[in-house]
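All remarks here apply to the structure that follows.
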Amino acid sequence: MAPELSQPTAHTIGDSLGLLRERPPLVQCLTNIVVAQWTANTLLAIGAAPAMVDNPREAAEFAVIAGAVLVNVGTPYEETAAAMSAAVASASASGTPWVLDPVAAGALAWRTGLALALIEAATPRIIRGNASEILALAGGAGGKGVDSVDTPEAALEAAKALALHYGTTVAVSGPVDHLTDGVRVVRIANGNSLMTQVTGVGCALGALMAAFAAVVDDGLLAASAATAALTVAADEAARVSRGPGSFAVALLDELAALSPQALASAVRLS
Amino acid sequence: MAPELSQPTAHTIGDSLGLLRERPPLVQCLTNIVVAQWTANTLLAIGAAPAMVDNPREAAEFAVIAGAVLVNVGTPYEETAAAMSAAVASASASGTPWVLDPVAAGALAWRTGLALALIEAATPRIIRGNASEILALAGGAGGKGVDSVDTPEAALEAAKALALHYGTTVAVSGPVDHLTDGVRVVRIANGNSLMTQVTGVGCALGALMAAFAAVVDDGLLAASAATAALTVAADEAARVSRGPGSFAVALLDELAALSPQALASAVRLS
Amino acid sequence: MAPELSQPTAHTIGDSLGLLRERPPLVQCLTNIVVAQWTANTLLAIGAAPAMVDNPREAAEFAVIAGAVLVNVGTPYEETAAAMSAAVASASASGTPWVLDPVAAGALAWRTGLALALIEAATPRIIRGNASEILALAGGAGGKGVDSVDTPEAALEAAKALALHYGTTVAVSGPVDHLTDGVRVVRIANGNSLMTQVTGVGCALGALMAAFAAVVDDGLLAASAATAALTVAADEAARVSRGPGSFAVALLDELAALSPQALASAVRLS
């Protein structure tokens with residue numbers, strides 16, 4: 001967001017993965033019951049250390065020592081929602097970056113309010129969602145409604161507005177991923193349709209963004225590196241897969257096998 | 001159940017899968033923590049869109065827009081049990097079909113009462129369970145005890161009584177699946193023993209029934225199509241598997257690859 | 001622990017697996033949301049019957065009929081923590097052995113207190129953890145701090161003290177697993193580093209210990225048989241794996257394929 005930050009490149013994206021491998025970050029995850037295992041395995045595969053600490057008695061305590069905190073509102077309950085608020089407040093107070101994945105924001109009222117309240121309480125380093133979710137949050141923040149627009153370009157404008165309003169990075173997932181801090185824009189064209197046939201690939205992307213945010217200060221670079229790593233690995237995985245079951249397995253194998261050099265060489269920035 | 005409904009055939013079962021692929025249903029799942037990811041991946045593989053909305057603040061709201069609702073009582077908690085009641089009431093009021101999977105009914109008192117209370121509150125389109133679970137529900141509804149009988153034929157009689165009592169379809173899973181609306185009976189002989197070595201295959205079957213119930217009005221046809229799809233895919237998966245781990249992966253691949261024609265040609269109705 | 005108990009051998013470890021296969025134990029699991037599916041699949045693969053009954057209304061009722069109870073504090077909530085207390089009290093009253101997996105004990109205050117309170121309430125048959133977790137529990141029980149020591153040998157001394165203090169078996173997982181009842185010591189040198197790149201392998205080990213504790217009275221033999229089975233299967237799985245994704249799949253296949261004879265012949269006791 002700050003003018004002096006340089007545009008993420010294939011080179012700095014590859015270097016970010018190198019940094020993550022050198023000092024594996026501890027990533028606290030407050031996520032949903034559907035993807036908890038998958039998220040942990042994705043983080044382990046890339047080289048990070050996941051810790052699913054999501055109860056109100058421990059979440060704030062852990063956010064102090066975590067390298068980054070992921071908050072995913074996919075299946076919120078009273079207790080985990082309270083833990084999210086506590087973790088975000090503690091992360092903010094202790095300088096731990098946190099990442100928001102506003103699953104189904106716009107479609108359901110409670111979680112939309114919860115996501116917005118978390119953002120208001122402490123600015124996340126990155127907000128990652130699909131076009132509908134980002135549009136919903138932008139509408140809540142700036143007055144646009146979730147149904148007013150739904151093209152990728154329109155979502156990008158909403159993402160820019162959201163990013164500038166809060167001083168954060170916003171990542172819009174899709175066939176081409178659009179990421180922005182309101183000034184800079186990164187588009188990543190890797191990935192394939194099998195990613196939409198496995199639950200939690202988007203959720204895993206949010207978790208990877210938290211892992212990179214723990215080792216790279218620039219939120220846009222962290223979000224870009226995570227997106228590049230997941231989608232480049234997905235391209236490789238699709239080559240050896242028979243369908244969504246074997247693709248999910250291969251995706252973990254490929255994330256673990258991905259080198260900084262291979263990442264830098266395969267990422268398609270546009 | 002109504003006399004005018006025709007007997008499900010290999011042809012109508014294949015057509016049901018064609019319908020599901022043409023208009024992918026949104027399936028709201030209130031299920032257990034063990035199988036949440038697996039259930040979502042099974043629904044994605046067959047071509048449906050899963051949404052795990054299982055908290056009391058959002059469950060009723062979502063049941064209005066869902067194509068069908070799955071309620072699985074495998075790991076009930078105070079909050080999710082309340083969400084199940086709310087979702088079922090809302091589904092009933094808005095005409096959304098719902099499917100009950102009464103996991104471990106009969107073995108544990110609280111969930112047995114919960115399952116029966118849900119059925120009493122609003123008739124499910126389909127009830128799916130193993131012989132013990134169906135016998136337990138039939139006993140609660142009609143006076144037979146869970147331990148009184150346990151042969152498949154006896155479970156079928158209990159299933160018929162249960163189906164007639166509530167005006168629903170009852171599916172009894174086993175080496176040969178028995179499905180009935182109290183008048184018609186369908187037996188499906190596909191499937192293999194690896195299905196019992198992977199957790200949640202039965203739970204996934206309940207979810208698939210919800211997906212088919214969203215696109216086919218006849219509950220018996222929907223339940224038959226789901227059973228056929230899962231067991232035919234399981235037959236294919238078993239051929240390429242080394243054990244339960246690779247079988248689960250292959251099952252997702254085969255569900256995604258299954259065509260209406262292949263389904264109609266492979267299902268073994270008796 | 002009692003002087004008359006003999007040292008576990010490759011032969012008695014193999015026989016333990018034979019016993020488990022002859023009479024598949026029902027294992028009640030109160031575990032975390034990350035590994036619930038994985039744990040159930042691991043138990044099914046070895047030949048046991050998992051049942052995830054973890055709410056306060058049913059946990060005590062089920063502990064009476066279960067062959068063993070696993071308590072894993074990986075993601076505790078108010079409701080599941082209450083269920084753990086109820087299950088342990090009921091298991092103790094009805095003579096059902098229970099196994100404690102004190103995930104992240106020492107790192108987080110609430111769960112450390114919870115784990116110690118459970119141990120104080122009713123002696124577990126086995127406590128399984130990594131070195132830090134065992135040191136933390138030993139410190140709580142006997143005065144040593146978690147940070148005072150962290151070498152494997154020091155953890156073994158703490159494990160011995162913990163085992164003697166409570167009259168239990170303590171298993172310290174690591175590159176070489178160390179198990180002790182305070183008098184006897186077993187070291188198992190199978191396993192490989194891929195086990196640390198998949199979430200819940202340690203949690204699955206705790207569950208397997210519960211399965212073996214249901215069929216073998218000697219806690220040290222049960223813990224040794226579980227450790228041997230998992231690590232020998234892991235050695236086989238690593239041979240056919242491309243990375244952590246395919247390793248997790250192969251591990252389930254190999255657990256299911258493992259024979260008592262192969263286990264006895266492959267285990268490396270030292």
Side-chain angles (χ1 to χ4, degrees), chain A residues 31-42 52 54 72-82 84 103-115 130 132-133 193-204 237-238 240-253, chain B residues 24 26 28-66 74-75 77-80 82-83 198 207 233 236-237 240-241 245-258:
Chain A
T31 187
N32 66 72
I33 61 163
V34 185
V35 305
Q37 181 195 10
W38 169 250
T39 300
N41 278 334
T42 305
M52 270 54 188
D54 67 348
N72 173 307
V73 299
T75 57
Y77 307 106
E78 298 298 324
E79 202 169 347
T80 50
M84 289 171 188
V103 178
L108 289 159
W110 180 42
R111 68 183 64 196
T112 307
L114 173 61
N130 61 32
S132 297
E133 292 156 357
S193 65
L194 275 168
M195 297 172 75
T196 65
Q197 295 179 44
V198 175
T199 196
V201 173
C203 297
V240 297
S241 303
R242 297 177 55 242
S246 48
F247 172 74
V249 172
L251 185 52
L252 294 175
D253 285 349
Chain B
L26 179 61
Q28 180 181 3
C29 300
L30 299 96
T31 188
N32 65 73
I33 59 162
V34 184
V35 305
Q37 182 195 10
W38 169 249
T39 299
N41 277 334
T42 305
L43 286 169
L44 285 167
I46 198 73
M52 271 54 189
V53 183
D54 67 348
N55 68 73
R57 291 178 184 253
E58 300 177 326
E61 178 186 353
F62 202 80
V64 176
I65 62 166
T75 56
Y77 307 106
E78 298 298 325
E79 203 169 346
T80 51
V198 176
E236 292 301 315
V240 297
S241 303
S246 48
F247 172 74
V249 172
L251 184 53
L252 294 175
D253 285 350
E254 297 297 340
L255 278 171
L258 187 65

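Below, chains carry the letters A, B, ... as their sequence lines are ordered, and counting in each starts from 1. Heavy atoms only: backbone and side chains are in, while hydrogens, waters and symmetry mates are out.
Contacts between A:Glu78 and chain B at a heavy-atom distance below 4.5 Å involve backbone atoms as well as side-chain atoms. With a 4.5 Å cut-off on non-hydrogen atoms, A:Ala109 touches chain B through its backbone and its side chain both. Looking at A:Thr196, the atoms closer than 4.5 Å to chain B (heavy atoms on both sides) all sit in the backbone: N, CA, C or O. Neither the backbone nor the side chain of A:Val35 comes within contact range of chain B, judged by heavy atoms closer than 4.5 Å.
Sequence neighbours left out, the pairs with a member in residues 246-257 of chain B that pass salt bridge (Lys or Arg N to Asp or Glu O under 4.0 Å) are A:Arg242-B:Asp253, A:Arg242-B:Glu254.
Screening B:Ile33, B:Asp54, B:Thr80, B:Val53 against A:Thr75 for a side-chain contact (heavy atoms from CB on, under 4.5 Å) leaves a single residue, B:Asp54.
With sequence neighbours excluded, no residue satisfies salt bridge (Lys or Arg N to Asp or Glu O under 4.0 Å) with B:Glu61.
Checking side-chain atoms of B:Asn55 against main-chain N and O of A:Tyr77 turns up no donor-acceptor pair under 3.5 Å. Side-chain atoms of B:Glu58 come within 3.5 Å of backbone N or O of A:Arg111 as a donor-acceptor pair.
Chain A forms more heavy-atom pairs under 4.5 Å with one residue of B:Glu79, B:Arg57, B:Gln37 than with any other, namely B:Arg57. Highest contact tally toward chain A, considering only B:Thr31, B:Asn41, B:Leu252, is held by B:Asn41 [criterion: heavy-atom pairs under 4.5 Å].
Taking all atoms of both residues into account, the shortest heavy-atom contact from B:Ala40 to A:Val34 is CB-CG1, 4.1 Å.
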